[in-house]
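These figures come from a predicted structure and were not determined experimentally.
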Amino acid sequence: MAQGKLTTGFRNRIRDWALRRQGADALPLTLAARRIYILPTRAGWTFAMLIVVMFIAGMNYDNGLALLFTFWLTGFALVAMVQTQRNLAGTQLLSAGAAPAFAGDHVAIAIVVSTRGAAADLRLSCEDAAPSESVPASGSADDMPQLHIEVRRRGHWHAPPLRLTSTAPFGLFRTWTWLTLDISTLVYPRLAGNLAIPESPGVDGGAANMVNNQDELAWLRDFRDGDSPRQVAWKAYARGAPLLVREYRGYAMASRDFDFSALRDPDVEARLSQLARWCVDAAARGEHWTLRLPDSPPLTGAGPEHLEQCLQKLALHGMRGSAAA
Amino acid sequence: MNRSVKPVPTNIMLASFASGVLLHIDRAPPWCLGVALAALIWHWLYSRGRLRPAATALRVIVTLALLAGIAATFRTFNGLSAGTAFLLVMGAAKLLETRTQRDVAVVATVSLVLVLAACLDRQSLLRLPLYLASGWTALATIAAIGGARTSTSAVRAFGAAGGALLLALPLAALCFVLVPRMQGALWSMPASERGQTGLADEMSPGSISELSVSEDIAFRARFEGAAPPVAQRYWRGPVLHDFDGYTWRRQAGTGATQQQPVPTSAPLRYHVLLEPTGRVYLFGIDSIASIQGRRNFRTFDGQILAALPVTETLAYDGVSYLQTRFDGALSTTGRRLDTQLPSGRNLRSIALARELRARATSDRQYSMMVLDYFRAAGFEYTLTPPLLDQDSVDDLIFNTRRGFCGHFASAYATLMRAAGVPARVVTGYLGGAWNPIGGYYAVRQSQAHAWTEIWIDGEGWVRVDPTAVVAPERVQQGGSELLARSGSALNSLFGDAGWLRDLRDSWDAANNWWQERIVKFNRSAQLDLLRRLGLEHIDYLGMALLLAGGAVLWGLMLWAVSMRGPRGTTPDALGRTWNRFLALLASRGIGIAAHEGPRAIAARAVARLPAAAADIGSFASRYEQLRFGTAEQSESAIRAMRAQLRRIARATTANRR
């Protein structure tokens with residue numbers, strides 16, 4: 001939307017007023033009429049002009065049919081207004097979530113909504129963020145408007161005020177509501193750094209062990225929480241079998257050591273980025289590693305949960321509240 | 001915004017413009033229709049990738065050329081025909097550059113205006129379905145681009161537009177009745193220049209019988225009180241004075257002083273709905289005292305002429321007197337005008353007239369003798385009279401002896417004039433068939449008639465209908481029954497079937513209702529309706545209040561209707577957990593299709609998010625068991641699922657890269 005600075009400022013002031021008026025939102029939330037705004041779109045203004053012109057023509061020709069047509073279109077436009085407004089009014093926001101992301105990437109926000117009758121045609125946007133991609137989910141049982149917002153700095157991230165918009169069904173009106181949902185997530189350090197991954201002291205490279213493991217399938221057993229996904233028999237599951245896990249004989253560990261103090265880059269952020277990169281790489285290889293950061297005990301382990309813990313530590317390094325998990 | 005990446009709904013847009021063009025296919029200049037058709041075909045091929053997009057320069061040149069074409073064809077952009085042609089070519093030009101949603105909206109708008117132009121142009125009930133279909137398609141086009149969805153199916157678009165139209169109908173009716181109408185136009189429009197059927201300015205032998213095969217409605221009439229008998233229902237129209245021996249014509253100048261009839265009976269009041277004639281004649285029961293509803297004036301010979309040609313259906317009220325007398329004498333100019341005959345023509349008839357007049361004692365007796373002569377001469381009344389030569393009256397009386405009303409009126413007037421009795425030919429309609437469904441008399445072109453008026457000193461102008469002595473049944477029954485025997489195509493096919501007449505009556509009544517109540521719903525009709533609704537003294541404020549109240553009621557109705565419909569039920573704890581799972585997947589870029597079950601969703605999610613595969617699979621299995629299986633929904637089960645959800649969230653974050 002190309003808008004002048006003046007209008008943008010004006011719009012922001014209206015938005016801030018509206019946000020103050022409605023306060024913070026807690027889920028699940030049913031959108032009430034008093035917080036829903038509606039204005040004609042450009043197409044709507046054109047349609048209004050059309051109706052005026054038609055009315056004048058019908059009056060001038062004293063033509064009942066033309067006037068009937070005009071009045072019908074007027075009613076149509078009003079129906080369109082109500083129907084557009086009903087896309088939001090009474091709609092329930094059930095849950096909202098955002099996935100953690102790496103700095104420089106996009107945080108994906110999704111809201112699960114439950115609408116009246118046919119799936120509403122909703123779009124999520126954010127005026128503060130840079131022009132962002134917003135993807136209306138189409139045809140889903142519960143519509144899930146999504147929004148990707150670019151994030152630049154690591155640490156805690158809170159979603160800015162969002163705008164939930166709809167122009168359906170005729171595009172003559174745009175209805176919207178501002179949302180201040182408590183959506184927060186962590187932004188991990190930017191994945192960067194090209195230093196070679198440190199070798200693990202005293203243990204052979206893990207890759208060879210992994211290959212051995214793959215060779216010796218022992219049996220299949222029922223799935224238990226905490227099992228590695230790599231061992232689940234997915235082909236069997238897709239065919240309709242219950243979740244089964246492949247058991248292998250023998251499992252050797254490789255362990256690497258990622259130490260903050262061992263890095264020489266004077267820039268703390270660059271060091272964190274390098275550590276994040278290594279953690280991600282090690283996890284991708286299914287390896288075992290230890291992350292050492294100053295002022296906190298070393299984290300040793302493997303797998304996604306370990307990676308998650310490491311990235312959280314890296315995201316919050318040197319920030320207040322870093323002790324929180 | 002990413003509006004432009006949405007695909008353009010080509011088919012529905014083309015259908016919308018094509019249907020708009022279709023409404024004007026018989027009226028618009030052929031080259032405009034050609035341009036519109038070419039643009040439709042071009043865009044269709046373009047949308048299928050067969051053609052490259054038109055260059056901007058080309059589009060500009062084409063657009064300017066089309067504008068020049070309009071200017072050259074019409075010499076104006078004002079008026080309905082020029083405006084319609086303008087819309088056609090501009091819509092066509094827009095099709096050359098339809099790439100964005102906004103272009104589609106422009107084409108849909110043009111289509112809507114084309115419907116409006118069609119409404120202004122022609123309002124027959126028969127065309128109404130066309131207008132509806134066209135308008136609906138245009139609004140469906142708007143619906144197809146209305147939302148944020150990447151594509152809207154045609155069925156869905158038509159459904160949305162149709163539903164909204166139905167909901168809008170009550171408000172449309174309310175506004176139609178209550179929005180105050182103006183008297184007269186804001187600015188004048190160029191009159192349309194179209195030939196209509198109906199009585200012409202002149203009458204030659206056979207011209208009325210040509211008319212009489214037409215079953216078109218000339219006008220409809222409703223009487224206040226009892227209608228006069230059919231033999232009295234002479235609807236007076238053009239009065240003809242100039243005779244060249246073959247053709248009767250109107251008198252161009254005024255020539256004679258007015259002879260005003262003095263009423264000697266009670267006034268007869270009636271309401272007429274006149275179909276467009278393209279001429280100025282207003283018809284009324286003989287003799288017409290006054291007509292109200294359209295600016296008109298009265299000529300010296302008692303015709304009522306509208307100030308402007310009747311190019312649209314016209315409603316007016318008439319007052320007539322069945323019996324009148326004339327005081328005073330005919331002026332010299334008037335006598336000269338209505339006794340002159342072309343020299344050297346119809347000589348045998350003139351000789352006959354002189355012979356008969358010599359035997360009569362008075363003009364009055366002479367006129368009766370000529371009628372007797374007509375009765376005795378064995379004339380035959382026929383719809384298909386033989387062609388007459390230049391001395392048409394001689395040919396009729398002494399030769400063919402077969403004719404239609406116009407022939408006998410012409411012959412009678414000639415015989416009168418030859419004897420010095422002032423006579424003129426009056427054309428109009430006789431009769432009118434009662435339509436029991438509509439409660440009015442339908443006067444058709446087949447009931448066109450011609451008779452004479454002669455001046456008798458002391459009595460004034462007297463109507464004499466020679467057809468009444470030749471074919472009394474014509475005057476007694478009206479035209480259409482006679483026609484049945486003469487055999488029109490329709491009647492010979494079905495016979496005089498009762499159901500056919502009922503069908504025709506019903507259709508005609510519907511048409512009449514449509515014309516009178518919808519198309520011609522003007523200020524006076526509005527006031528009349530409000531009066532009959534008991535709102536006799538309502539003023540503008542009252543109408544506005546009534547309108548506002550009705551609109552509020554309609555709004556409430558609309559609100560109630562839109563509240564209805566399957567409300568998404570509030571999900572239980574399990575449902576909420578599942579929704580969170582879906583939200584999580586959505587935030588990871590995995591959309592869910594409506595038809596997908598938990599297992600299919602899980603399989604897809606696993607493929608995209610292998611890091612969390614185990615938890616996703618187990619989560620989906622649990623959901624399935626709890627929701628559809630026999631497992632008991634317990635808090636601990638939900639808690640376990642939530643824990644899984646958290647693990648999925650964690651596991652899938654690190655692996656987004």
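In this structure, the side chains of B:L116 and A:V53 stay at 4.5 Å or more apart for every pair of heavy atoms. Side chains of B:R650 and A:L307 form no contact here, defined as non-hydrogen atoms less than 4.5 Å apart. Using a 4.5 Å cut-off on side-chain heavy atoms (C-beta onward), B:W554 and A:V79 make contact. With contacts defined as side-chain heavy-atom distances shorter than 4.5 Å, the pair B:V179/A:M59 qualifies.
Contacts with chain B were tallied for A:F47, A:W72, A:F76, A:F69; A:W72 has the most, counting heavy-atom pairs under 4.5 Å. When B:L174, B:I142, B:L139 are compared by the number of non-hydrogen pairs under 4.5 Å with chain A, B:L139 comes out ahead. Annotation: maximal heavy-atom pairing with chain A below 4.5 Å, among B:I616, B:T109, B:I518, occurs at B:I518.
Side-chain atoms of A:N63 come within 3.5 Å of backbone N or O of B:C119 as a donor-acceptor pair.
Of the atoms belonging to B:A161, heavy atoms from both backbone and side chain fall under 4.5 Å from chain A. B:L132 touches chain A through its side chain: at least one heavy atom from C-beta onward sits under 4.5 Å away, while N, CA, C and O do not. Heavy-atom distances place the side chain of A:L73, and not its backbone, under 4.5 Å from chain B. Of the atoms belonging to A:Q85, it is side-chain heavy atoms, and not backbone ones, that fall under 4.5 Å from chain B. Only the side chain of A:L50 comes within contact range of chain B, with at least one heavy atom under 4.5 Å from a heavy atom of that chain. Of the atoms belonging to A:A66, heavy atoms from both backbone and side chain fall under 4.5 Å from chain B.
In terms of the ring-ring contact (aromatic ring centres under 6.0 Å, His included) criterion, B:W514 has no residue partners (sequence neighbours excluded).
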Show your reasoning for whether side chain to side chain contact (heavy atoms under 4.5 Å, CB included) applies to A:R42 and B:R102. CA-CA 9 Å; A:R42 185 193 283 262; B:R102 193 179 295 165; 3.4 Å; yes
Check against side chain to side chain contact (heavy atoms under 4.5 Å, CB included), B:L167 and A:V82: CA-CA 11 Å; B:L167 288 173; A:V82 170; over 6 Å; no
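With values rounded to the nearest 0.5 angstrom, B:Q123 atom CD is found 12.0 Å from A:L68 atom CG.
Taking every heavy atom of both residues into account, B:A164 and A:Q83 meet most closely at CB-OE1, 4.4 Å.
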